[in-house]
Amino acid sequence: LVAATGIGASGAADIDTALGTLVATNNTSGDIYVQETNGLIIGGTGVRTLGGNGNINVDVTAGALDVNSVVTANGSGDVTLNAAGLLTVDAVVSSTTGDLSLTGGTGVTHTAAGDLTTTGVGTIGVTASTGDITMVGGTIYSTGSGTVTLLAATNVVLGEITATSSAINVTATAGAITDATPAADTTTNLTGGTVTLVAGTGIGATGATADIDTAAVTLISTSGTGGTYVTEADGVALGSGAGGNASTGPIVIVAGGAITTGNTITTTANNAPISISNTAGAITISNAVTAHGSGDVTLNAAGLLTVDAV
């Protein structure tokens, strides 16, 4: 499909298809709106708007959506990809400054080539209505000052997400948040302002090769019996007015710089311990740090340790 001023339009004016492979380019102005009824591959030169801040919306109402070629929106154009089945991303999905929204009915999975890229205030939202969100080593989500949100019904496997100074929210509703490349452990999984992690079971795992690596300004977390294991590249505030760090399993946080607290740090079951340490700088505890039952609390500062709360 090739047009100058639009391919379909929002709502009932979209282009209804029953295709195997979609290739679409809109050259000057207008959007691309396609609704597919039985599974779809994006191939060839991909799906592109080349002018006019054109939006892209591809909706697969039954079956899978395989992104095998680029999907790119011009300027502030948004990209929305919805699949009733599995959404597989094997090529770059991008906008210059627009929002990227991907939803897989049975999961969202990426290869190393399946990056999501925008800049400025462009946001990134990825949802697995059932199943997992799976990145691999080499998969990168990047934006400027836009929020990044991942919401999976089960697990989230992280590659690399960079959001400059804005918020990153990762939720694995009934499962775990894990690192896609634990063997190498050279990738900072999450770089942003306030990083909020919520998992039904665990966030990372014990050991230097299985934890979640962050470069955050503020860390907020909630996990189940699998606990929370995070290594922060530099200084970090643990918690804020928006929430603290809580788990029914162990909490182990190691930072490369100064640590402060902005809310409570708590384990609430299983005699789970808490360990907060750093390799440089001070630790200042201004909020309660409470381990359940016989769980130990360990505070280990490279510099000055100040405790202003129980």
Side-chain angles (χ1 to χ4, degrees), residues 107 127-135 149-158 161 167-180 182 185 189-190 192 194-214 216-232 236-255 259-278 283-301 307 309-310:
T127 300
S129 302
T130 64
D132 306 331
I133 297 171
T134 305
M135 304 169 73
T149 302
L150 284 70
L151 173 60
T154 313
N155 303 300
V156 175
V157 183
L158 291 173
I161 300 175
I168 300 175
N169 306 303
V170 181
T171 301
T173 304
I177 299 172
T178 57
D179 187 343
D185 200 49
N189 301 114
L190 304 168
T194 297
V195 172
T196 302
L197 307 176
V198 178
T201 55
I203 298 169
T206 185
T209 61
D211 54 9
I212 301 301
D213 298 302
T214 64
V217 176
T218 303
L219 175 66
I220 298 170
S221 67
T222 303
S223 63
T225 57
T228 297
Y229 298 86
V230 173
T231 296
E232 163 63 32
V236 67
L238 300 180
S240 69
N245 289 269
S247 181
T248 58
I251 295 176
V252 179
I253 298 172
V254 181
I259 296 174
T260 61
T261 64
N263 209 317
T264 58
I265 304 169
T266 310
T267 60
T268 58
N270 305 307
N271 299 310
I274 297 171
S275 176
I276 308 297
S277 64
N278 64 6
I283 295 178
T284 303
I285 303 297
S286 303
N287 303 86
V289 179
T290 307
H292 177 261
S294 60
D296 297 330
V297 174
T298 302
L299 304 175
N300 189 353
V307 179
V310 176

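Put simply, CG on L190 and CG on N169 are 10.5 Å apart, with the number rounded to the nearest 0.5 Å. Atom CD1 of I203 sits about 4.5 Å away from atom CD1 of I177, to the nearest 0.5 Å. Rounding to the nearest 0.5 Å gives a distance of 4.0 Å between CD1 of I283 and CG of N278. Here L197 contributes atom CG and N189 contributes atom CG; the two are 9.5 Å apart, rounded to the nearest 0.5 Å.
Across all their heavy atoms, S129 and A153 have their closest contact at O-CB, 3.4 Å. Closest heavy-atom contact between T218 and G239: CG2-O, 3.6 Å. Closest heavy-atom contact between A272 and P250: CB-N, 3.7 Å. Considering all non-hydrogen atoms of both residues, D296 and A291 come closest at O-CB, 3.9 Å. Among all heavy-atom pairs drawn from T228 and S223, the shortest one is OG1-OG, 2.8 Å.
Contact of the V236 side chain with the T214 side chain is not registered, since no non-hydrogen atoms from C-beta on lie closer than 4.5 Å. Between L219 and V230 the shortest side-chain heavy-atom distance falls below 4.5 Å. Proximity of I161 to L150: side-chain heavy atoms (C-beta onward) are separated by under 4.5 Å at one or more points. Residues D179 and D213 have side chains in contact (heavy-atom distance under 4.5 Å, counting atoms from C-beta outward). Residues N155 and T178 have side chains not in contact (no heavy-atom distance under 4.5 Å, counting atoms from C-beta outward). Looking at heavy atoms from C-beta onward, L238 lies in side-chain contact with I259 at the 4.5 angstrom threshold.
Under the rule for a side chain to side chain donor-acceptor pair (under 3.5 Å), the partners of N245 that lie at least two apart in sequence or sit in another chain are S221. Residues satisfying the side chain to side chain donor-acceptor pair (under 3.5 Å) test with T261, not counting sequence neighbours, are N287.
Put simply, the side chain of T266 never gets that close to the backbone of T268: no donor and acceptor are under 3.5 Å apart. Checked by atom type and distance alone, the side chain of E232 never pairs as donor or acceptor with a backbone atom of I253 at under 3.5 Å. Of the possible donor and acceptor atoms, one in the side chain of T201 sits under 3.5 Å from a partner among the backbone N and O of A176. Under a 3.5 Å cut-off, the side chain of S247 and the backbone N or O of G224 do form a donor-acceptor pair.
Under 3.5 Å, the side chains of T298 and S275 contain no donor-acceptor pair of N or O atoms.
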When you look at V252 and T206, which way does the side chain to side chain contact (heavy atoms under 4.5 Å, CB included) test go after all the steps?
CA-CA 8 Å; V252 179; T206 185; over 6 Å; no
Using the rule given for side chain to side chain contact (heavy atoms under 4.5 Å, CB included), can you reason through T264 versus T290, listing the C-alpha separation, both sets of side-chain angles and the distance that settles it, and then say yes or no?
CA-CA 8 Å; T264 58; T290 307; over 6 Å; no
Worked verdict on M135 versus V157 for side chain to side chain contact (heavy atoms under 4.5 Å, CB included)
CA-CA 6 Å; M135 304 169 73; V157 183; 5.6 Å; no
